Amino acid sequence: MKREFAVIGLGRFGGSICRELSEEGMQVLAIDNDEDKVNEFKNIASHAVIADSTDEVTMKELGIKNIDHVIVAIGDNIQASILTTVVLTDLGIKKITVKAQNDYHEKILNKIGADQVVHPERDMGKRIAHNIISSNILDY
Ligand code: ATP
């Protein structure tokens with residue numbers, strides 16, 4: 001059975017997750033409150049909708065409750081990211097991954113029930129540093 005995902009926020013990070021999951025054959029519901037972003041993903045995701053993810057009624061109407069894993073990729077607007085996470089935990093979503101903007105944001109996300117918190121820039125920086133070290137070791 002195909003797993004179902006929702007990606008909220010279609011910026012560079014959320015957009016890349018949405019593309020990758022779709023290319024891997026997953027069912028993806030793409031959500032953004034910006035019409036242009038949603039149009040960009042109309043032919044990529046299984047469904048792409050314009051919606052404000054902080055609005056619980058709208059999220060319920062979208063049937064988000066039935067989705068296995070929701071990724072919240074709203075970075076700059078920390079308030080919207082936190083509120084969206086609260087809406088999702090209240091709706092009982094099984095797995096919620098959220099992009100954090102800074103350590104304070106991460107702390108709050110963990111407290112309100114995010115299952116996984118990621119810092120894309122920091123995590124990628126670490127990974128690249130380790131890659132540089134291992135390739136230097138191989139070079140000697
Ligand atoms: P990235 O760092 O991944 O490139 P970005 O800088 O393009 O992200 P962000 O401000 O982090 O943009 O927001 C990511 C996306 O989330 C944007 O496309 C924005 O329209 C969307 N977004 C912000 N608030 C909401 C909301 N309340 N509901 C739905 N989408 C939202």
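Since the model is a prediction, treat every value here as computed from it, not as a measurement. For ligands, and for the atoms within them, numbers begin at 1 and follow the listed sequence.
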Open item on the list: Please determine whether side-chain contact (heavy atoms from CB on, under 4.5 Å) holds for the pair Val87 and Ser53, giving the CA-CA distance in whole Å, both sets of side-chain angles, and the decisive distance to 0.1 Å.
Closed with: CA-CA 8 Å; Val87 166; Ser53 57; over 6 Å; no

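- Classification of Lys60 and Asp90 as a salt-bridged pair fails, no side-chain N sitting under 4.0 Å from a carboxylate O.
- Shown here for Ile93 and Ile67, the closest heavy-atom pair between the two residues is CG2-O, 4.2 Å.
- Checked by atom type and distance alone, the side chain of Asp32 never pairs as donor or acceptor with a backbone atom of Lys37 at under 3.5 Å.
- Listed by chain and number, Gly9, Leu10, Gly11, Arg12, Phe13, Asp32, Asn33, Asp34, Lys37, Ala51, Asp52, Ser53, Thr54, Ala73, Ile74, Gly75, Asp76, Ala80, Lys99 each place a non-hydrogen atom less than 4.0 angstrom from ligand 1.
- The shortest side-chain heavy-atom distance between Val28 and Phe41 does not fall under the 4.5 Å cut-off.
- Taking Ala51 as the reference, Ile31, Thr58, Met59, Leu62 meet the side chain to side chain contact (heavy atoms under 4.5 Å, CB included) condition, with sequence neighbours excluded.
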